[in-house]
Peer 1: 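Just dropping this structure here.
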Amino acid sequence: MTFLAAAEQLIAQARSAYADDPIAETFLDQLEARFREPLRLAVVGMVKAGKSTLLNAFLGEQIAPTDTGECTRVVTAYRYSATPEITIHPFDSAPRRMPIRRDRGRLVFSLDGMSAEEVEWVDVAWPLESLRSLVLIDTPGTASLSEKTSMRTARYLTSEESPSAADAVVYLMRHLHGADVRFLEAFRDNAPGSAQTVSTVGVLSRADEIGSGRIDSLLSARKVAGRYERHDDLGSLVLGVIPVAGLLAEGARTLRESEFIALRELARLDRAARERLLVSADRFMRPTDLTSVSEAVRADLLDRFGTYGIRLATALVRGGAASSSELSQALVEQSGLLELEEFVREQFLARTADLKARGVVVQLEWLLRNRPRPAAHGIRDGIEAIVCRAHAFRELELLARARLGALPLSPDDAAAAQRILGARGVSPHRRLGLREAADASEMRAGALDALAHWRSLSAAPLANHELQMVCRVVIRSLDGIASEVGAARALRPAPHVVLPSGPTESAGKRADEQGEQAYRRLRRQKRLNWFARFVERHPFRR
């Protein structure tokens, strides 16, 4: 039975156990609806980190509001629909359908006279192909001067009173603050429950500002992102940190022909005139006879691309970008957006089934904890079975440990383990470290060689229990790869014959059973630790 089928069966069991509880039935209705929709990816960060701008770049349309109005202070979910539709969900009244208006291509919508405090969330249904596989969630800024604004994001994603509404998170940061670490710790503890998995990617946003708008700004940003990835506080909370120039990405994805013509005109200026014009944003917008491009057009270009984007665009035009589509593609490649999209595709979308099943587990655990009843014991056993057998949970947990250098392995083996566990993507060639064009025979040979190495490492006389557990997870990942590329038949040992590189099949089964028992003990201990922290934060009144 697949994890999705097992999760669906658990929902059915819960419906039977809570058949006489209207509140629980409503909760299960919402859970089942979420279970059947695409992966929910939240875009989160501190105020002015560039969340809505990045979301527009993802979508390829200027839909999300990027100003400081009321709409940026509420949670907004963007999902696919054949017809556009905007619905406001107030806290204390029925949902309201809102009219759709566009201003210069940008979607404009209001809260119908309500304040942000009165609105729980806004649902935007839009006919975009990019939303077929994702529900994108735009959130108010964390660490806002308005505590109520920050609490909306915390309540939606990291509340202790309810499960997280997101399956994975793109977290934007301009600098590493304590507030960033606290939020990521809370999401890790809330989203996967006791499993302590990591489903967050960090984004070093507005990366062009790190290099003061120079053409090579993103090279400097990559070095900073690398330091953040190795940071003691951040390393175990994100699967990677990617620098992205969000404004450039949004402008590139929505580049207009008129803007290309203006940028081409600027690119044709002689070098001295162009450099004088682009020395600063203020100088660029002043009246000048250096160019025929009007002040209004230059102001619009600055608003859409920033100084860095204009410098880069003119350099690319001089380098051969001869049309708006060519320039758009080149700017997107330079912005860092493609790298982020590939990461989301390889790490989150490829694990959709596992992340969705994990979401069901977390939400059912919350239901059992808050509305316990004797008839629900079977559900708890089913949850334990899913968590103990869901190998993807263990992969993500081990990757989190690996980020801190906590694996009992040599540096080369630790790097190989992270790759096999999916740190660079979950496709077979990425896990095995092979080229993308590798054929099935190369992947089979790679899988068999890796299995021989890790079985040998696990069976070494000096291998302690911790090393054996790590090897067991890596070997399980390699078994999956071998099965996928058709090498599984070669892995089956003959009856009662011990392979030189590892244990017999029955010994492997006993090892897996021992691993599951150890994992259950670890989960119970983590629950006790969580309860101790809860009591410490919320002392009981005497």
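Source: prediction; values computed, not measured.
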Peer 1: To the closest 0.5 Å, what do you measure between CG (Asp92) and CE (Met114)?
Peer 2: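 It comes to 10.5 Å.
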
Peer 1: Flag the pair Val74 / Ile88 as yes when at least one side-chain heavy-atom distance between them is below 4.5 Å, and no otherwise.
Peer 2: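 A side-chain contact under 4.5 Å is absent here.
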
Peer 1: Give, for atom OG of Ser325 and atom CZ of Phe260, the distance between the pair rounded to the nearest 0.5 Å.
Peer 2: 8.5 Å

Peer 1: Determine the minimum heavy-atom distance between Ala207 and Leu218, stating which atoms define it.
Peer 2: CB-CD1, 4.2 Å

Peer 1: Strictly distance-based, threshold 3.5 Å: is any side-chain N or O of Ser294 a donor or acceptor partner for the main-chain N or O of Val297?
Peer 2: yes

Peer 1: Taking the basic N atoms (NZ, or NE/NH1/NH2) and the acidic carboxylate oxygens, is any pair closer than 4.0 Å for Glu85 and Arg97?
Peer 2: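 Arg97 and Glu85: salt-bridged.
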
Peer 1: State which residues pass side chain to side chain donor-acceptor pair (under 3.5 Å) with Gln334; sequence neighbours excluded, sorted by chain then number.
Peer 2: none

Peer 1: For His177, give me all partners under side chain to side chain contact (heavy atoms under 4.5 Å, CB included), at least two apart in sequence or on another chain.
Peer 2: Met46, His175, Asp180

Peer 1: Working to the nearest 0.5 angstrom, can you tell me the gap between Leu248 CG and Leu331 CG?
Peer 2: 5.0 Å

Peer 1: Let me confirm one number: the CZ-CG distance from Arg369 to Leu364, rounded to the nearest 0.5 Å.
Peer 2: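 Between Arg369 CZ and Leu364 CG, I get 11.5 Å after rounding to 0.5 Å.
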
Peer 1: Decide yes or no for Glu259 and Leu301: does some side-chain heavy atom of the first lie under 4.5 Å from some side-chain heavy atom of the second?
Peer 2: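 When only atoms from C-beta onward are counted, Leu301 and Glu259 do touch, with a gap below 4.5 Å.
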
Peer 1: Flag the pair Pro140 / Val75 as yes when at least one side-chain heavy-atom distance between them is below 4.5 Å, and no otherwise.
Peer 2: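 Yes; the side chains approach each other to less than 4.5 Å.
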
Peer 1: Just jot down the side chain to side chain donor-acceptor pair (under 3.5 Å) partners of Ser328, sequence neighbours excluded, or say none.
Peer 2: none

Peer 1: Less than 4.5 Å apart, any side-chain heavy atom of Ile23 and any of Arg371?
Peer 2: yes

Peer 1: I'd like to know whether Arg15 forms a salt bridge (charged side-chain N to carboxylate O under 4.0 Å, His left out) with Asp21, so could you lay out the CA-CA distance, the side-chain angles of the two residues, the decisive distance to 0.1 Å, and finally the verdict.
Peer 2: CA-CA 9 Å; Arg15 285 195 179 281; Asp21 185 339; over 6 Å; no

Peer 1: Test of understanding: with side chain to side chain contact (heavy atoms under 4.5 Å, CB included), list the residues that count as partners of Pro95, not counting sequence neighbours.
Peer 2: Thr87, His89

Peer 1: Using a strict 4.0 Å threshold on nitrogen-to-oxygen distance, state whether Glu8 and Arg36 make a salt bridge.
Peer 2: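 Yes.
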
Peer 1: According to side chain to side chain donor-acceptor pair (under 3.5 Å), who are the partners of Ser280, at least two apart in sequence or on a separate chain?
Peer 2: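 Expected list: none.
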
Peer 1: One thing to verify: whether Arg206 and Glu250 come together as a salt bridge, which I'm taking to mean a side-chain N less than 4.0 angstrom from a carboxylate O.
Peer 2: no

Peer 1: Between Leu39 and Asp167, is there a side-chain heavy-atom distance shorter than 4.5 Å?
Peer 2: yes

Peer 1: List the steps, then state whether salt bridge (charged side-chain N to carboxylate O under 4.0 Å, His left out) holds for Glu333 with Arg253.
Peer 2: CA-CA 10 Å; Glu333 290 173 358; Arg253 277 277 167 87; over 6 Å; no

Peer 1: List the steps and the verdict of salt bridge (charged side-chain N to carboxylate O under 4.0 Å, His left out) for Arg311 and Asp208.
Peer 2: CA-CA 11 Å; Arg311 287 174 179 155; Asp208 51 300; over 6 Å; no

Peer 1: Minimum heavy-atom separation for Thr139 and Val43, please, with both atom names.
Peer 2: OG1-O, 2.8 Å

Peer 1: Start with the C-alpha distance between Asn56 and Ile63, add both sets of side-chain angles, then the distance that settles side-chain contact (heavy atoms from CB on, under 4.5 Å), and finish with yes or no.
Peer 2: CA-CA 6 Å; Asn56 284 331; Ile63 294 178; 4.2 Å; yes

Peer 1: Do Leu239 and Phe343 come close enough that some side-chain heavy atom pair is under 4.5 Å?
Peer 2: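 Yes, side chains in contact.
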
Peer 1: Salt-bridge test for Glu209 and Arg174: reply yes if a basic N is under 4.0 Å from a carboxylate O, no otherwise.
Peer 2: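 Looking at Glu209 and Arg174, the cut-off is met.
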
Peer 1: Test side-chain contact (heavy atoms from CB on, under 4.5 Å) on Trp366 and Leu368; report intermediate values, then the result.
Peer 2: CA-CA 6 Å; Trp366 181 88; Leu368 296 176; over 6 Å; no

Peer 1: Which pair of heavy atoms, one from Trp126 and one from Pro84, lies closest together, and at what distance?
Peer 2: CZ3-CB, 3.4 Å

Peer 1: Please report the C-alpha distance between Glu339 and Arg222 in whole Å, then the side-chain angles of each, then the deciding distance to 0.1 Å, and finally whether the side-chain contact (heavy atoms from CB on, under 4.5 Å) criterion is met.
Peer 2: CA-CA 12 Å; Glu339 184 180 352; Arg222 288 187 187 282; 2.8 Å; yes

Peer 1: Decide, yes or no, whether a salt bridge links Arg424 with Glu346 under the criterion of side-chain N to carboxylate O below 4.0 Å.
Peer 2: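 No, Arg424 and Glu346 are not salt-bridged.
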
Peer 1: Please name the pair of heavy atoms, one in Ala350 and one in Val426, separated by the smallest distance, quoted to 0.1 Å.
Peer 2: CB-CG2, 3.1 Å

Peer 1: If you measure from the Lys or Arg side-chain nitrogens to the Asp or Glu carboxylate oxygens, is any gap between Arg34 and Asp29 under 4.0 Å?
Peer 2: no

Peer 1: Atom CG in Leu302, atom CD in Glu295: separation rounded to 0.5 Å?
Peer 2: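 Here the rounded value is 13.0 Å.
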
Peer 1: How close do Val238 and Val241 get, heavy atom to heavy atom, and via which atoms?
Peer 2: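 The answer is CG2-CG2, 4.0 Å.
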
Peer 1: Is there a donor-acceptor pair under 3.5 Å between the side chain of Gln347 and the backbone N or O of Gly422?
Peer 2: yes

Peer 1: Give the minimum heavy-atom separation between Ala14 and Ile379, together with the two atoms involved.
Peer 2: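 Shortest heavy-atom contact: CA-CD1, 3.4 Å.
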
Peer 1: When you check the gap from the basic side-chain N to the acidic O, do Arg430 and Glu342 get nearer than 4.0 Å?
Peer 2: yes

Peer 1: Does a salt bridge link Arg298 with Asp303, judged by any charged N lying under 4.0 Å from a carboxylate O?
Peer 2: no

Peer 1: Any Lys/Arg nitrogen of Arg351 or Glu395 sitting under 4.0 Å from an Asp/Glu carboxylate oxygen of the other?
Peer 2: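 A salt bridge is present here (some side-chain N lies under 4.0 Å from a carboxylate O).
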
Peer 1: Do Leu337 and Leu54 come close enough that some side-chain heavy atom pair is under 4.5 Å?
Peer 2: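 Yes, their side chains come closer than 4.5 Å.
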
Peer 1: For the pair Phe58 and Leu134, evaluate side-chain contact (heavy atoms from CB on, under 4.5 Å) and give the outcome as yes or no after the intermediate values.
Peer 2: CA-CA 11 Å; Phe58 261 122; Leu134 275 175; 5.6 Å; no

Peer 1: For Asp282, give me all partners under side chain to side chain donor-acceptor pair (under 3.5 Å), at least two apart in sequence or on another chain.
Peer 2: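 Applying side chain to side chain donor-acceptor pair (under 3.5 Å) to Asp282 gives Arg286.
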
Peer 1: Can you confirm whether Thr200 sits close enough to Leu237 that some side-chain heavy atom of one is under 4.5 Å from a side-chain heavy atom of the other?
Peer 2: no

